[in-house]
Colleague: 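The structure's right below; bear with me while I get my questions together.
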Number of protein chains: 2
Amino acid sequence: MANPSANSDPVTLEDVARRVGVSARTVRRALDGGRVAAWDCTARREEAIRRAAEELGYVYRPNAAARTMTTGRFNSVSLLMSTRAGQGLLIQEMLDGICDELEEWNLHLSLIRLPDRQLTDADSLPKVFREGMTDGLLIDYFNEIPAGMEAAMNSLDIPTVWINSQHPADCAYFADAGAARRAVEEMIKAGHRRILYADFSNPAGQTPRHYTGTERRRGYEQAMTAAGLKPLILQENVPHLNRVAFARDWLCQHRQSLPTAAFCYHISSAISLREGARDAGLRLPDDLQVACFADRIPDLAYAEIPAMVNPWHDLGRAAARLLLAKIAAPGTHPAPVILPFTWVNADRLRPPANARKAARPAHATL
Amino acid sequence: MANPSANSDPVTLEDVARRVGVSARTVRRALDGGRVAAWDCTARREEAIRRAAEELGYVYRPNAAARTMTTGRFNSVSLLMSTRAGQGLLIQEMLDGICDELEEWNLHLSLIRLPDRQLTDADSLPKVFREGMTDGLLIDYFNEIPAGMEAAMNSLDIPTVWINSQHPADCAYFADAGAARRAVEEMIKAGHRRILYADFSNPAGQTPRHYTGTERRRGYEQAMTAAGLKPLILQENVPHLNRVAFARDWLCQHRQSLPTAAFCYHISSAISLREGARDAGLRLPDDLQVACFADRIPDLAYAEIPAMVNPWHDLGRAAARLLLAKIAAPGTHPAPVILPFTWVNADRLRPPANARKAARPAHATL
DNA sequence: ATGAAAGCGCTAACAA
DNA sequence: TTGTTAGCGCTTTCAT
């Protein structure tokens with residue numbers, strides 16, 4: 001096997017053309033457009049071409065490199081990430097969503113990781129993408145976006161879409177505030193009045209790294225205020241290994257007027273809170289009904305609680321679709337796509353224990 | 001901007017050559033090989049070439065498509081997955097590892113998802129990879145590998161490496177049995193005698209979907225047997241929402257001789273077990289010391305317990321390195337690479353409560 | 001409607 | 001050592 005190429009089967013248009021006795025151009029057209037006209041003779045020839053192509057194993061898989069050379073299109077888009085860890089998220093469901101959408105357009109997906117220095121350098125970027133052979137960029141970078149990166153991306157003449165990040169246009173992200181409000185409304189509807197908001201990931205004073213830190217809390221506050229309830233917020237960036245103790249201590253200190261429910265920034269906060277609550281002697285869910293945000297349904301295996309789950313698959317699809325639209329119509333700037341969450345395990349949402357106790361006799365009379 | 005191409009800056013070798021007044025081939029060589037000889041005149045010209053290239057913004061980023069056309073190499077490898085969900089795993093750390101290794105060789109990473117039907121069809125695969133423009137395949141498919149897929153992959157004349165899957169050669173996976181044995185040995189060393197193995201993901205009777213289901217249990221059994229202890233196994237595929245109750249009930253039924261510790265197949269089993277234990281009235285970790293396997297360090301935020309963590313980054317790197325070796329030396333079949341786990345939160349591993357009680361007076365006398 | 005020819009940017013092979 | 005030539009497989013343009 002002297003051929004170093006990956007294809008053991010380099011059937012070219014030319015090969016097919018020779019076999020049938022027509023030009024490559026004709027083969028291309030036959031394979032491409034389908035029929036040519038009602039001209040009987042043509043139709044038959046076309047049939048012959050198609051058959052020959054199939055026999056030789058051509059089946060419309062043109063050499064992508066050759067095609068790129070003439071068209072200037074790569075038929076591929078890239079997911080752009082930072083080499084710095086934690087700046088973006090790579091969720092399997094999201095990639096599935098992206099791939100699902102791209103597949104329908106016969107586009108490939110590549111992964112590109114660049115150091116922050118490069119991501120903010122408008123001069124070197126085009127060269128990277130020339131080598132990277134990509135028609136568009138899905139930007140998976142939403143934490144602490146470096147100064148200059150947005151400008152550098154906008155100066156590119158290749159279409160870009162931001163994933164999970166709020167921008168004036170060209171982006172897709174989640175409707176966190178609305179989801180938080182909805183969840184807390186459900187808890188209120190279930191009869192809870194003292195509802196805690198717990199976030200052990202984001203520091204108290206400063207702006208959170210990601211918009212979710214602000215939005216989720218805001219949604220909680222909206223729901224509480226709208227219902228005439230007083231927000232009760234426990235927000236602090238606590239190291240993982242201290243969270244359970246932190247939660248336990250807080251609950252012990254507030255033993256006089258404990259919340260009957262808590263809505264958490266993330267399931268990791270929820271788990272810690274639940275463990276801390278149990279250590280503080282509370283019974284779950286009787287004494288404390290916990291709900292939270294969660295990235296994925298499987299994560300909920302960690303705790304059987306009501307949760308707002310990120311529709312990552314939808315996000316991937318939406319972002320890819322946005323990018324395809326921009327590729328098809330260069331220069332346009334579609335409005336942001338904002339995706340609603342999925343509310344799961346709703347049946348695990350129970351009223352507060354005292355309300356249940358009060359209600360029980362009524363049921364007993366049935 | 002009439003140019004539909006992604007590069008706004010199509011500087012070619014030719015352009016550089018014209019500027020300096022040499023041939024494209026010479027430019028290529030100057031940029032490529034560095035110096036030519038001690039011939040003074042040449043050295044100067046070379047310098048000029050390099051400067052011209054830089055001024056024009058060429059900086060050794062040749063048009064990848066053109067290069068592919070002549071060399072037959074794509075300078076890209078692909079991560080191959082099934083469109084069927086759950087057959088492979090896409091862990092961010094693993095992708096980072098792959099990218100880190102590929103970067104050093106200036107190779108790109110593409111994602112390819114194919115339906116099982118295609119993955120088992122040795123005829124259509126080469127065409128796919130011809131279009132996909134890939135020099136090698138990292139196969140991320142380890143659950144219920146379809147019959148014929150292994151043969152189809154082997155029949156490809158493009159190098160392949162299996163990720164997280166046991167094969168005679170050309171694969172990288174984790175040393176699960178050894179890790180389980182090691183963890184249980186540590187628990188025994190800490191003084192535990194009745195150690196439970198809990199797995200709520202894999203069914204009791206049949207062979208687990210993935211090798212870890214077998215290997216982890218085997219490692220546990222080895223450690224127990226070697227220490228003269230009797231294995232105590234609780235293995236059953238329980239739906240997520242029933243796991244806590246399942247664990248609680250089991251513990252209640254075995255109240256007479258409860259284990260003092262448990263080693264779990266996965267952190268999700270561990271969490272459920274802990275919740276169940278608390279519901280059964282046990283105090284943690286005094287009454288039950290739980291340890292487990294975990295995919296990622298952040299997952300351990302869910303429970304502050306000792307764990308064997310998969311070195312996903314290492315796996316990605318190892319698999320990529322293996323693939324690069326195969327690309328460099330086609331036809332070779334390197335032996336499997338087996339990666340050791342990381343043992344974390346070891347300081348959370350406590351002796352059984354009665355041992356602690358017995359030990360306490362001794363400490364008090366200090 | 002079809003064929004012929006040019007050329008995309010690069011590198012391999014050869015000639016000088 | 002350097003320059004020239006040819007050609008990768010495809011699409012586009014132009015002539016038929």
Side-chain angles (χ1 to χ4, degrees), chain A residues 2-7 9-18 20-46 48-49 53 56-75 127 130-131 133, chain B residues 2-7 9-18 20-46 48-49 53 56-75 127 130-131 133:
Chain A
N3 184 1
S5 156
N7 49 51
D9 197 15
V11 183
T12 70
L13 272 183
E14 211 72 43
D15 294 333
V16 182
R18 236 192 321 273
V20 193
V22 294
S23 77
R25 184 73 190 79
T26 309
V27 174
R28 186 83 192 76
R29 241 190 309 251
L31 261 36
D32 242 12
R35 293 134 297 91
V36 196
W39 190 23
D40 204 83
C41 170
T42 312
R44 197 163 330 151
R45 180 188 284 188
E46 201 185 86
I49 291 173
L56 289 171
Y58 189 81
V59 283
Y60 194 44
R61 293 224 171 259
N63 181 312
R67 165 175 282 198
T68 294
M69 288 222 53
T70 54
T71 61
R73 284 202 47 176
F74 300 109
N75 297 308
K127 291 161 207 150
R130 180 180 172 214
E131 192 188 43
M133 307 214 305
Chain B
N3 184 0
S5 155
N7 50 52
D9 196 15
V11 182
T12 70
L13 272 183
E14 209 73 44
D15 295 331
V16 182
R18 238 193 320 274
V20 193
V22 294
S23 79
R25 187 73 191 78
T26 309
V27 174
R28 186 78 192 79
R29 248 191 301 251
L31 261 36
D32 242 13
R35 291 137 296 90
V36 196
W39 190 25
D40 203 82
C41 171
T42 313
R44 195 161 334 150
R45 179 188 286 189
E46 201 184 87
I49 292 172
L56 290 171
Y58 190 80
V59 283
Y60 194 44
R61 294 222 171 261
N63 181 311
R67 165 175 282 199
T68 294
M69 287 223 53
T70 55
T71 60
R73 283 202 47 176
F74 301 109
N75 298 306
K127 290 160 208 151
R130 179 178 172 215
E131 192 188 43
M133 306 214 305

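Below, all heavy atoms of this structure are taken into account, side chains as well, without hydrogens, waters or symmetry copies.
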Colleague: Considering only C:dC10, D:dC10, C:dG9, which nucleotide approaches the side chain of A:R67 most closely?
Modeller: D:dC10
Colleague: Mind checking the CE-CZ spacing from B:M69 to B:F74? Nearest 0.5 Å is all I need.
Modeller: 10.0 Å
Colleague: Check every atom of C:dC10, D:dT11, C:dA12 against the side chain of B:T71 and return the nucleotide holding the closest atom.
Modeller: C:dA12
Colleague: Output the single nucleotide from D:dC10, C:dC8, D:dT11 whose closest atom is nearest the side chain of A:A66.
Modeller: D:dC10
Colleague: Between P on D:dG9 and CE on A:M69, what's the gap in Å once rounded to a whole number?
Modeller: 13 Å
Colleague: To the nearest Å, how far apart are B:R73 CZ and C:dC10 P?
Modeller: 18 Å
Colleague: Measure CZ/B:F74 against P/C:dC10 and give the value in whole Å, please.
Modeller: 18 Å
Colleague: Which atoms form the tightest heavy-atom contact between B:R67 and B:N75, and what is the distance?
Modeller: CD-ND2, 3.6 Å
